[in-house]
Amino acid sequence: MAPSMEIPERVRPANDNGYFEQLTKAVFQAGFSWSVIRQKWPHFVTAFDNFDVDTVAAYDAPETERLLADAGIVRNGRKIQATIDNARVIQGLRQQHGSFAGYLRSMDGWAYEKRRDALTRQFGGLGRTSCFVFLWCVDEDVPNWEER
């Protein structure tokens with residue numbers, strides 16, 4: 001990664017909720033200071049019900065309003081809605097592939113650009129850089145930062 005950026009930790013999530021959490025973190029880090037997101041992250045975990053995919057996918061207007069009023073997280077309405085929508089996307093991928101990890105494995109052998117494009121088309125708030133960060137953080141193969 002670029003020398004001026006702090007390199008995030010790489011982890012292999014244990015389940016779909018772990019992948020969902022890392023995806024959400026990548027979405028919220030985009031355009032914000034990573035240190036701010038890192039400081040607020042424990043509250044994000046609580047606010048988003050431990051990133052339980054099924055719970056967040058069922059959020060409706062009252063939960064959205066609760067999150068928009070929660071000073072413990074970044075109150076960006078587009079990113080909050082993307083998080084809810086992304087939980088629903090994960091539910092669909094889980095039905096097709098058994099798990100989010102199974103979905104990622106279905107892309108094994110694809111060029112990085114093809115994987116990136118597939119992910120950024122499906123997930124709200126995920127751009128080229130945040131997709132790289134997400135894949136890096138979940139210990140997937142990614143090119144060197146300069147090559148992306």
Side-chain angles (χ1 to χ4, degrees), residues 1-45 47-57 59 63-65 67-68 70-97 99-148:
M1 296 187 62
S4 62
M5 294 179 69
E6 183 176 330
I7 297 175
E9 177 183 12
R10 295 188 93 172
V11 298
R12 183 64 62 146
N15 54 38
D16 290 343
N17 297 345
Y19 280 100
F20 179 46
E21 179 177 358
Q22 293 302 315
L23 177 71
T24 303
K25 189 181 289 185
V27 167
F28 273 93
Q29 285 175 332
F32 287 91
S33 164
W34 288 20
S35 62
V36 168
I37 301 303
R38 190 177 311 107
Q39 177 187 0
K40 290 180 173 273
W41 202 251
H43 197 80
F44 272 88
V45 172
F48 283 97
D49 291 300
N50 296 308
F51 292 100
D52 181 87
V53 171
D54 295 324
T55 301
V56 176
Y59 282 4
E63 286 85 6
T64 302
E65 291 302 318
L67 292 165
L68 287 169
D70 190 336
I73 67 169
V74 172
R75 296 174 289 184
N76 179 303
R78 288 193 332 233
K79 291 179 186 257
I80 290 169
Q81 188 59 53
T83 299
I84 297 165
D85 294 341
N86 290 344
R88 295 170 183 157
V89 171
I90 290 173
Q91 284 181 316
L93 293 171
R94 187 170 53 196
Q95 288 178 340
Q96 294 174 339
H97 300 279
S99 67
F100 190 79
Y103 169 64
L104 290 176
R105 296 293 59 82
S106 76
M107 293 188 279
D108 283 352
W110 290 15
Y112 170 75
E113 294 78 12
K114 186 175 178 183
R115 289 185 298 142
R116 179 198 64 212
D117 292 348
L119 290 165
T120 58
R121 272 193 309 274
Q122 290 183 58
F123 291 103
L126 198 64
R128 292 171 58 107
T129 301
S130 55
C131 185
F132 177 91
V133 169
F134 166 67
L135 290 171
W136 167 272
C137 287
V138 298
D139 202 26
E140 291 289 320
D141 289 333
V142 294
N144 290 332
W145 183 260
E146 296 76 23
E147 296 174 9
R148 63 167 187 87

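The chain is numbered in sequence order, starting from 1. Given the structure is predicted, the values throughout are model-derived calculations rather than measurements.
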request  = List the steps, then state whether side-chain contact (heavy atoms from CB on, under 4.5 Å) holds for Phe44 with Phe51.
outcome  = CA-CA 9 Å; Phe44 272 88; Phe51 292 100; 4.3 Å; yes
message = In terms of relative ring orientation, are Phe134 and Phe100 parallel, tilted or perpendicular, with 30° and 60° separating the classes?
response = perpendicular
task = Decide yes or no on side-chain hydrogen bond (donor to acceptor under 3.5 Å, both in side chains) for Gln81 and Asp85, but give the supporting numbers first.
result = CA-CA 6 Å; Gln81 188 59 53; Asp85 294 341; 3.0 Å; yes
task = Please determine if Arg128 and Asp117 form a salt bridge, counting it only when a charged side-chain N lies under 4.0 Å from a carboxylate O.
result = no
query = Okay, side chain of Asp70, backbone of Gly72: is any donor-acceptor separation there less than 3.5 Å?
reply = yes
query = Short question: side chain of Lys25, backbone of Trp41 - any donor-acceptor pair under 3.5 Å?
reply = no
Heavy-atom side-chain contact between Tyr19 and Ser99 under 4.5 Å = no
ask   = Is any side-chain N of the basic residue among Glu9 and Arg38 closer than 4.0 Å to the acidic one's carboxylate O?
value = no
query = Are side-chain heavy atoms of Gln22 and Val138 found at a separation under 4.5 Å?
reply = yes
Residues, nucleotides or ligands: over 12 heavy atoms within 6.0 Å of Gln39 CD = no
inquiry  = Any side-chain to backbone donor/acceptor pair from Asn76 onto Arg78? Under 3.5 Å, distance only.
reply    = yes
Check: Trp136 side chain, Pro8 main-chain N or O, donor-acceptor pair, under 3.5 Å = yes
ask   = Any ion pair linking Glu140 and Arg12 (charged N to carboxylate O, less than 4.0 Å)?
value = yes
ask   = Just wondering, do Ile90 and Phe123 contact through their side chains at under 4.5 Å, heavy atoms?
value = yes
note = Result for side-chain contact (heavy atoms from CB on, under 4.5 Å) between Thr24 and one of Val45, Thr83, Asn86, Leu126 points to Thr83
Atom of Ala87, atom of Phe20 and distance for their closest heavy-atom approach = CB-CZ, 3.6 Å
key: Trace of the salt bridge (charged side-chain N to carboxylate O under 4.0 Å, His left out) decision for Arg94 with Asp16   = CA-CA 8 Å; Arg94 187 170 53 196; Asp16 290 343; 3.8 Å; yes
task = Any chance you could lay out the side-chain hydrogen bond (donor to acceptor under 3.5 Å, both in side chains) test for Gln122 and Tyr103, step after step, and finish with the verdict?
result = CA-CA 12 Å; Gln122 290 183 58; Tyr103 169 64; 2.5 Å; yes
inquiry  = Rounded to the nearest 0.5 Å, what separates atom CG in Leu67 from atom CD1 in Ile84?
reply    = 6.0 Å
ask   = Do Leu23 and Leu119 come within less than 4.5 Å of each other through their side chains, counting heavy atoms only?
value = no
ask   = For the side chain of Arg115 and the backbone of Asp141, is there at least one donor-acceptor N/O pair under 3.5 Å apart?
value = yes
Closest non-hydrogen atom pair, Cys131 against Tyr112 = C-OH, 4.4 Å
note = For Val74 and Ile80, the nearest pair of non-hydrogen atoms, with its separation, is O-CD1, 4.2 Å
key: Nearest-0.5 Å distance that lies between atom NZ in Lys40 and atom CZ in Phe32   = 9.5 Å
Over all atoms of both residues, closest heavy-atom pair of Ser130 and Gly127 = OG-N, 2.7 Å
query = Has Asp108 got more than 12 heavy atoms of other residues, nucleotides or ligands less than 6.0 Å from its CG?
reply = yes
message = Test your reading of the model: is there a side-chain donor-acceptor pair from Asp49 to the backbone of Asp52, 3.5 Å cut-off?
response = no
ask   = What are the two closest non-hydrogen atoms of Ala82 and Gly125, and how far apart are they?
value = CB-N, 4.2 Å
inquiry  = side-chain contact (heavy atoms from CB on, under 4.5 Å) for Ile73 and Phe28? Distances and angles first, verdict last.
reply    = CA-CA 10 Å; Ile73 67 169; Phe28 273 93; 5.6 Å; no
inquiry  = If you apply the rule side-chain contact (heavy atoms from CB on, under 4.5 Å), what do you find for Trp34 with Ile37, and how did you get there?
reply    = CA-CA 5 Å; Trp34 288 20; Ile37 301 303; 5.7 Å; no
Closest contact, heavy atoms only, Lys79 versus Val27 = NZ-O, 2.6 Å
query = Do any N or O atoms from the side chain of Asn17 and from the backbone of Val53 form a donor-acceptor pair under 3.5 angstrom?
reply = yes
message = Could you measure the distance from the CZ atom of Arg116 to the CZ atom of Arg121? Nearest 0.5 Å is fine.
response = 10.5 Å
